[in-house]
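Okay, so here's the structure we're looking at.
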Amino acid sequence: MSSDDTPPGGPPEQLALIRETVRRAKPRTWHGAHLAEELPVARVVVDKGLLHLDQFFDYAVPVAMAETAQPGVRVRVRFGARVSAAGRREGGELHDGFIVARLASSDFRGPLAPLAQVLSPERVLTPALLKLSRTIADRYAGTLADVLQLAVPPRHAKAEAEPSPPPQPPPAAPPAGSWQRYPQGPEFLAALTAGHPPRAVWTALPGPSWPQEIALAVAATLAGGRGALVVLPDGRAVARVDAALTELLGGPERHAVLTADLGPKERYRNWLAVSRGSVRAVLGTRATVFAPVHDLGLLVVWSDGDSSHSDPRAPHPHVREIALLRAAEEGAAVLLGGLAMTVEGAQLLRTGWARPLAADRAVVRETAPRVRTVGEADQARDAAAQAARLPSVAWQAAREALRSGPVLVQVPRRGYVPRLACGRCRTPARCAHCAGPLEAVGAGEALQCAWCGIAAADWHCVECGSFRLRAQVVGARRTAEELGKAFPGIPVRTSGRDAVLAGVSAEPALVISTPGAEPVAEGSGYAAALLLDGWALLSRPDLRSGEETLRLWLAAAALVRPAAEGGLVVVVAEPTARPVQALVRWDPAGHADLELAERAQLGFPPVSRMAAVTGSPGAVADLLGLARLPEGADLLGPVPLPPVRGQEQERALLRVRPGQGGALAAALKAAQIARVALRGAEPVKVRIDPTDIG
DNA sequence: AGCACGCCGACT
DNA sequence: GTCGGCGTGCTC
């Protein structure tokens, strides 16, 4: 079968031509197996997340697999085999992969190995999903195989054997309902039903109706004959929208839910219902953004500032970025919503890519609770309240509110360890050169920038001029628990990391919760909320601390009754701080806009694009030396990081202009590949859009 | 990444 | 003569 491999003589060009002709006539394999008559070559993406193997490989299609080996199916292939002296293929591990195309011939110069097995005839990798995954891999300097692992759930044979339910006819277009509170709301729904792709950044009104509004947008899209997809940050939020959608659509038949806690079988069954077109609407947590909804008309991302939208697995893509890229590729509408607004959301509005979907100020004021601020200096007289370090205003507000309903107390989690801040006004201390966060090095309290490493000998606060610094320490949880003693006879419930409550009754109770774990209160909501130790949130060493703090506050405050019904929020934090001001005015959009302007001025993301390079000092320097960075790329650092398993670690940040993010990712990926080719290179981590750069 | 081929020094 | 050093290159 391979005796024609070395034709005698002839000029090289002609030789190449002969080879070409021979191979095109019929692909050769190592075993001379019988091949498929039609399209005997399968192009395969092999599920091996190695950067330098991020390419397709061609395999021969044995005749027995001619029908099942269709584009999109899962296959097993031998990969990495060697050719022995006797001319036999030897070794080669079996790897999973997907067929991406069937071809008449291969451009590979050599004999093709046959597909080992078609795992299932189910065509799970659609052309659209493949294209999207490639885009995401490139965006994040990762491999296609890594992204596919996030995008396509593991197969479950039993779930696959079951037939999916028959598709339902589209529902009738829903009435605008509570979307009428937004001037552009009904128009937005009408555009979805008409099959248009409107794009909106939605500032949701406080209160319990946002799940219904998401459900209405989904139903409007379904009514127009297109599909819809909703990504939410956690299972609790999914459950709320699931309930709203089930009610609105008169049953659970028209939508599918994808969350991790369903278990592999149920999850795969639901995913297949979407993939097979049985169901046109899907909601779930972050992986849902990849769900292969047929004729996708709408992508909804709720609370895009929530960190669970950032995937912890390589290459760490963010749901919002995936959704925006997918909407562009598939001509779908976008609804990027939340009680808060991210800087990225503000940027989409600023550039005109999306339009705002927000209620008028008067409606906001009617819906939101009253917000009072109180500095830490204000101390309660009551001994128990003092033990809980509860300011008197907060103490009085709680006592008053407990007469009419439950009171929510938000306490920052332990483990928020902020860096240095001004001792007087608590403005975070930043580097004069690159605006990175300052940190104390050693006991001598020498200051240096955590990003660029430049010493800050003569620091003073840019806000108030103070020279005094304060190392922030948090020890708040126990303080909150003291509240139980401060209010004898009142039941105390807690909700936090390990035990999150979904809801509480409308009876008076103290509900102590860490941010993000707040239970919903039945009836009209909490009578009051106390947001304690705000400084601990505000001074976290993160570029997004302000935005994040406001998001956490708004999420808690949105569970409180409207001001007209007596709802009151007391926030214990520096009253002049920007997020505090934004909370008082209930103006998340204004806050995001200010943050955006500041980021632009400082050259921070998302106005610039960044990548972090982490590893041993030698390896980081090595990679940076190899990388052919785009014109005008800034290098910040490298700076030392805490050692990992006794090994010194450094991190460098790279910054480029917007529009050069793709070039930056490509340059870093190429440098990584070049380093792998060198022997014994220590690993370096590359992360695009690093999240923890404060 | 693995894994084998390849071309130069000290052993049976 | 041959065992083995790890430099170099490939994986359909």
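In what follows, every chain begins at residue 1, and chains take the letters A, B, ... in the order their sequences are listed. In this text, all values refer to a predicted model and were calculated from it rather than measured experimentally.
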Protein-nucleotide distance ([X], atom [atom1]; [N], atom [atom2]), rounded to Å:
X	N	atom1	atom2	result
A:Leu51	B:dG2	CG	P	15 Å
A:Arg78	B:dG2	CZ	P	17 Å
A:Glu93	B:dA4	CD	P	11 Å
A:His52	C:dC12	NE2	C1'	15 Å
A:Phe108	C:dC10	CZ	P	10 Å
A:Gln55	C:dT11	CD	P	9 Å
A:Phe79	C:dC10	CZ	P	13 Å
A:Leu94	C:dT11	CG	P	18 Å

Please determine if A:Glu548 and A:Arg544 form a salt bridge, counting it only when a charged side-chain N lies under 4.0 Å from a carboxylate O.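 Answer for the salt bridge query: no.
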A:Glu160 pairs by salt bridge (charged side-chain N to carboxylate O under 4.0 Å, His left out) with which of A:Arg269, A:Arg155, A:Arg74, A:Arg123?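 Answer after filtering A:Arg269, A:Arg155, A:Arg74, A:Arg123: A:Arg155.
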What heavy-atom pair brings A:Asp58 and A:Ser106 nearest, and what distance separates the two atoms?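 Smallest interatomic distance, heavy atoms only, reads OD2-OG, 2.6 Å.
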Give me the ring orientation class for A:His318 and A:His309: parallel if the planes are under 30° apart, tilted from 30 to 60°, perpendicular past 60°.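 Plane angle between 30° and 60°, so tilted.
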